[in-house]
Amino acid sequence: MLGASKAKAKETTETAKETARATYMSPLRTAKAKGKKNMFDINLIRTDADKVAKALARKGAKADIAAVRELDERRRAVVTERDDMRNRRNAVSKEVGKIKSQGGDAAGPMAESKALGDQIKEMETEIAALDEQLTTALLLLPNMPADDVPDGTGADDNKTVRTWGDLPQLTGFEPQAHWDLGEKLGILDLARAAKLSGSGFSLFVGDGSRLVRSLINWFLDVQTFENGYTEVFPPALVNAKTMTGTGQLPKFEEELYKLRDDPLYLIPTAEVPVTNIYQDEILDEADLPRLLTAYTPCFRREAGAAGRETRGMIRVHQFDKVEMVKFTTPETSGEEHEKLTRNAEGLLERLGLPYRRLLLCAGDMSMFAAKCYDLEVYAAGVKRWLEVSSCSNFTDYQARRANIRYRTKDGKVRLVHTLNGSGLAVPRVFIAILENNQQADGTVRIPEVLRPYMGGKEFIGKK
RNA sequence: GGAGGGGUGGCCGAGUGGUUUAAGGCGGCGGUCUUGAAAACCGCUUUCCGGGUAACCGGAACGGGGGUUCGAAUCCUCUCCCCUCCGCCA
């Protein structure tokens, strides 16, 4: 009796453990995902092609929606016919089995089944070709801009929706650019970086290196301890499927560094591996919103920007960044987008860096975003506004491509919304700190929040 | 890098060519019983594509691709991932 109940109790405990683990692990279960056209919402094209065409036109995309519709209709017709034939073949094959098990002659139905099989194979070849065309067409369609995104074709049409801080008053001396300051202080060695790798790379030295590390650590500490994000540390090399999930492939391959001997790419941002963590999975609504943050190095060929901003560290091929990523329900993504943007702004405010928030116009947004705010910080040496964060709501665009869904409380399966934003990109923040906090004697005042990370130092360059 | 073993539903686990429309168990949901609960018993339990206002109907999926066959979870082939051992290595 005692033994039995003990055994039972143990069993219950084991079961409870299993259940607990299953619940904890549930976001990591992989759903079956194959052969689907999860690129652009084909249903929207079927039901409201005009709306789609107008929205995409706002983004300046040349998209032949009519051609997509035609492909889709042909595909559906062939699929229906193929399924009917499979249905018949299944019945005939079953008949063959029945006849044979009774020792009869099944030559007739076998021949019919064979003929059906040949026709099915033909149709499948056609379907595969149609699928490929449709997939390619859909993968190249951009996301639709949200309704509150202004019209426009370029940076001039973006709207400044917020500014914070006063531009630094550097009186009595001519403010230097970071490349001069950094070199004189011995914390930035761009010449040797060029020797190692070419132009567009950086070499931080001493307090410069420590400042980079401090920024990364402080960003992560704020995101995790104060803003509720869970820190992850993902791979910097990912495969083509992952790059396709967030949208970098197939359209922007020339922007990516690709390995020669393995089918892998260097990530241009942590957004890629972090968003794809839940690729092909179904999350629970109770786990949303899911907030992740990650530090990674970022690698960009900047092929389209060759020759631009070649001086200094404004545009480089490799840089460090802390990224925020959110997975939300469709109902909350708008509100989470505002919060995420505020998370990034909070960092700039505490660093004392003046910034402005731009609402990007439809034509200036990235291909995948539905709505995007850029945060630009003012740098007194180069006398320019530098983009340090881009906070985007991708609605269900990436979720569809990466097949990231969630189960609602009443059991329905829907696509999540994904969002992300830098929090923050290191080099341009580094630039702004150097240029804005420079003193007449060439030293640089370290923002108070970073001092605990800088060994308590108040200035870079003071003995 | 070499050798071997393995990948089946939310989980565990049967299944080596045709009543598998994937056994059985666990978990979960609903119900019966009960003052309530537990137990017991009964039922349900995935995702995708196509059709339909819907109920529902048809098709697909046993890591992935290709093949053999009238018919494939099952046979062949390539590939990915996991485990064990050996080698190498931060």
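Within every chain, numbering begins at 1; the chains are lettered A, B, ... in the order of the sequence lines, protein sequences first and strands thereafter. Just so you know, these numbers use all the heavy atoms, side chains as well, and skip hydrogens, waters and symmetry mates. These numbers come from a predicted model, not from an experiment.
Between A:R82 and A:E124 there is a salt bridge, with a side-chain nitrogen of the basic residue lying less than 4.0 Å from a carboxylate oxygen of the acidic one. A:D48 and A:K51 are not joined by a salt bridge, as no carboxylate oxygen comes within less than 4.0 angstrom of a charged side-chain nitrogen. A salt bridge links A:D280 to A:K241: one of the charged nitrogens lies within less than 4.0 Å of a carboxylate oxygen. Taking the charged nitrogens against the carboxylate oxygens, A:E95 and A:K100 have no contact shorter than 4.0 Å, which rules out a salt bridge. Look at A:E336 and A:K326 and you find a salt bridge, because one of the NZ, NE, NH1 or NH2 atoms lies within 4.0 Å of a carboxylate O, short of that distance. Under 4.0 Å is where a charged nitrogen must lie from a carboxylate oxygen, and between A:R350 and A:E226 at least one such pair does.
The environment of A:D147 atom CG is sparse: at most 12 non-hydrogen atoms of other residues, nucleotides or ligands sit within 6.0 angstrom. For A:R76, the CZ atom sits in a packed shell: over 12 heavy atoms of surrounding residues, nucleotides or ligands are nearer than 6.0 Å. Heavy atoms of other residues, nucleotides or ligands lying less than 6.0 angstrom from CD of A:E70 number 12 at most.
With B:G59, B:C48, B:G71 as the candidates, the nucleotide lying closest to the side chain of A:R89 is B:G71.
B:C82 and B:U69 have their C1' atoms separated by 32 Å, given to the nearest Å. One P atom belongs to B:G9, the other to B:A22, and the distance between them is 13 Å to the nearest Å. Between B:C75 and B:U8, the two P atoms lie 16 Å apart (nearest whole Å). For the P atoms, the distance linking B:U46 with B:A23 amounts to 14 Å, nearest Å. Spacing of P atoms, B:G7 relative to B:G63, comes out at 8 Å, to the nearest Å. When the C1' atom is compared between B:G36 and B:U19, the two are found 45 Å apart, to the nearest whole Å. The gap from the P atom of B:A55 to that of B:G66 amounts to 33 Å, rounded to the nearest Å.
Considering only side-chain N and O atoms, A:K409 lies nowhere under 4.0 angstrom from the phosphate OP1 or OP2 of B:C29. Within the structure, a side-chain polar atom (N or O) of A:R407 is placed less than 4.0 Å from OP1 or OP2 of B:U47. Between A:R405 and B:C48 there is a side-chain polar atom (N or O) within less than 4.0 angstrom of OP1 or OP2. A:N90 has a side-chain polar atom (N or O) that falls below the 4.0 Å cut-off from OP1 or OP2 of B:G59. At least one side-chain nitrogen or oxygen of A:N87 sits closer than 4.0 Å to the OP1 or OP2 atom of B:G59.
A:S389 is linked by a side chain to side chain donor-acceptor pair (under 3.5 Å) to nothing, counting only residues two or more places apart in sequence or in another chain.
B:G9 is unpaired under the criterion used here, namely a Watson-Crick or G-U wobble arrangement in which both key atom distances are under 3.5 Å. Remark: B:U68 base-pairs with no nucleotide; criterion is Watson-Crick or G-U wobble with both hydrogen-bond distances under 3.5 Å. With both pairing distances under 3.5 Å, B:G1 is matched to B:C86 as a Watson-Crick or G-U wobble pair. Across all strands shown, B:C49 is found opposite B:G58 as a Watson-Crick or G-U wobble partner, with both distances under 3.5 Å. If you check B:A39 for Watson-Crick or wobble pairing at under 3.5 angstrom, you find it has no partner at all.
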Contacts under 3.5 Å, N or O only, protein and nucleotides 50-52 of chain B:
unit_1, atom_1, unit_2, atom_2, d
B:G50, OP1, A:R46, NH1, 3.4
B:G50, OP1, A:R46, NH2, 2.6
B:G50, O2', A:T80, OG1, 2.6
B:G51, OP1, A:R76, NH1, 2.7

Scan nucleotides 80-82 of chain B against the protein and return all N/O pairs shorter than 3.5 Å with their distances rounded to 0.1 Å.
none

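Among the atoms of the strands shown, none is found under 4.0 Å from any heavy atom of A:K94. Among the protein residues, A:V413 comes within range of the sugar-phosphate backbone only, with heavy atoms under 4.0 Å from sugar or phosphate atoms but none that close to a base.
In this structure, A:F201 and A:H317 have tilted ring planes: the angle between them lies in the 30° to 60° band.
Regarding A:E95, its CD atom lies at a distance of 13 Å from the C1' atom of B:G71, rounded to whole Å.
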